[in-house]
Amino acid sequence: MGFVDKTSEMTHILVVSEPKESLKWYKKVLGASVHSEFDTGAVIKVMGNWFLITKGGNPTKDKPETRLAPPTDYNTVNSLFTIRVQDCAGTYEQLTNLGAIFLTPPITNGREIRCFFSDPDNHLFEISEAS
């Protein structure tokens with residue numbers, strides 16, 4: 001099993017421009033629970049997944065040429081999160097009422113119904129229902 005053992009967990013880091021505002025959005029829209037909160041961000045759990053919401057930063061000794069920054073090009077995405085749901089239209093309505101802003105309403109695409117929304121920094125989420 002390599003370096004991963006039964007106690008290993010993975011956290012996805014989301015670099016955001018306003019951590020406190022992002023935290024409010026994740027709690028309200030996706031029902032995140034807060035594990036810890038600090039000046040530059042928070043550790044949250046969403047649907048069984050760990051996220052670190054954090055402000056960007058300059059290179060450090062352990063990442064000497066790497067700078068963390070939130071997305072700047074809202075039309076180019078290098079990762080996204082898919083949430084499988086039983087009822088895409090119903091989930092779309094619920095999330096819209098909670099403040100999620102979708103790119104389009106649900107659309108049938110082959111054997112699935114799906115639509116996409118973003119967090120305040122344009123991290124992309126998909127809700128998907130098998131049809």
Side-chain angles (χ1 to χ4, degrees):
M1 197 177 211
F3 72 94
V4 178
D5 63 34
K6 292 180 181 182
T7 62
S8 296
E9 293 184 304
M10 185 180 292
T11 299
H12 191 89
I13 298 173
L14 296 173
V15 181
V16 301
S17 55
E18 296 294 333
K20 295 210 183 294
E21 291 304 310
S22 289
L23 180 58
K24 286 180 193 174
W25 186 91
Y26 277 89
K27 286 168 59 177
K28 178 182 176 186
V29 176
L30 295 182
S33 60
V34 178
H35 180 265
S36 60
E37 195 172 346
F38 42 94
D39 290 341
T40 59
V43 176
I44 62 174
K45 200 163 194 178
V46 179
M47 295 175 238
N49 297 281
W50 290 103
F51 291 86
L52 167 61
I53 298 170
T54 187
K55 189 126 178 113
N58 291 321
T60 58
K61 287 181 183 180
D62 55 347
K63 53 178 184 49
E65 296 184 28
T66 303
R67 183 176 166 273
L68 298 179
T72 56
D73 177 358
Y74 291 111
N75 294 316
T76 302
V77 175
N78 66 0
S79 71
L80 61 100
F81 305 92
T82 298
I83 304 167
R84 291 287 183 192
V85 297
Q86 296 287 324
D87 176 11
C88 192
T91 303
Y92 167 84
E93 292 298 325
Q94 287 178 319
L95 290 171
T96 298
N97 290 336
L98 291 170
I101 299 172
F102 283 82
L103 305 179
T104 68
I107 294 175
T108 300
N109 182 16
R111 295 180 8 178
E112 70 178 339
I113 303 167
R114 68 184 190 183
C115 53
F116 296 85
F117 64 100
S118 297
D119 76 358
D121 284 283
N122 203 44
H123 295 104
L124 193 62
F125 291 83
E126 169 191 20
I127 56 173
S128 171
E129 170 191 351
S131 61

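Ring pair Phe117/Phe102 is tilted by interplanar angle, where 30° to 60° counts as tilted. Between Trp50 and His35, the ring planes lie perpendicular to each other; the angle is over 60°, past the 30° to 60° tilted range. Taking the six-membered ring for Trp and thresholds of 30 and 60 degrees, His12 and Phe81 have ring planes more than 60 degrees apart, a perpendicular arrangement.
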Legend entry - Pair Ser118-Ile101, side chain to side chain contact (heavy atoms under 4.5 Å, CB included): steps then yes or no: CA-CA 7 Å; Ser118 297; Ile101 299 172; over 6 Å; no
Inset, instruction - Decide side chain to side chain contact (heavy atoms under 4.5 Å, CB included) for Leu124 and Leu103; before the verdict, give the C-alpha distance in whole Å, the side-chain angles of both, and the deciding distance to 0.1 Å. - result: CA-CA 10 Å; Leu124 193 62; Leu103 305 179; 4.0 Å; yes
Inset, instruction - Go through the steps to decide whether Ser22 and Asp121 satisfy the test side chain to side chain contact (heavy atoms under 4.5 Å, CB included), and finish with yes or no. - result: CA-CA 8 Å; Ser22 289; Asp121 284 283; 3.4 Å; yes
Inset, instruction - Any chance you could lay out the side chain to side chain contact (heavy atoms under 4.5 Å, CB included) test for Leu68 and Lys63, step after step, and finish with the verdict? - result: CA-CA 10 Å; Leu68 298 179; Lys63 53 178 184 49; 4.2 Å; yes
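Of the listed residues (Asp73, Asn78, Thr72), just one forms a side-chain hydrogen bond (donor to acceptor under 3.5 Å, both in side chains) with Thr76, and that residue is Asp73.
Taken to the nearest 0.5 Å, the CD1 atom of Ile44 stands 10.0 Å off from the CG atom of Asn49. From Lys55, atom NZ reaches atom NZ of Lys20 across 11.0 Å, with rounding to the nearest 0.5 Å. We find the CD1-CH2 distance between Ile53 and Trp25 to be 9.0 Å, quoted to the nearest 0.5 Å. The CZ atom of Phe51 sits 10.0 Å away from atom NE2 of His123, with the distance rounded to the nearest 0.5 Å.
The shortest non-hydrogen separation linking Pro71 to Tyr74 is O-OH, 4.3 Å. The two residues Met47 and Leu30 have their closest heavy-atom pair at CE-CD2, 4.2 Å.
For Glu18 and Lys24, the salt-bridge test fails: no basic side-chain N is under 4.0 Å from an acidic carboxylate O.
Remark: side-chain polar atoms of Lys45 are not paired, donor with acceptor, to backbone N or O of Val34 under 3.5 angstrom. Panel note: side chain Ser131, backbone Arg111; a donor-acceptor pair is recorded below 3.5 Å.
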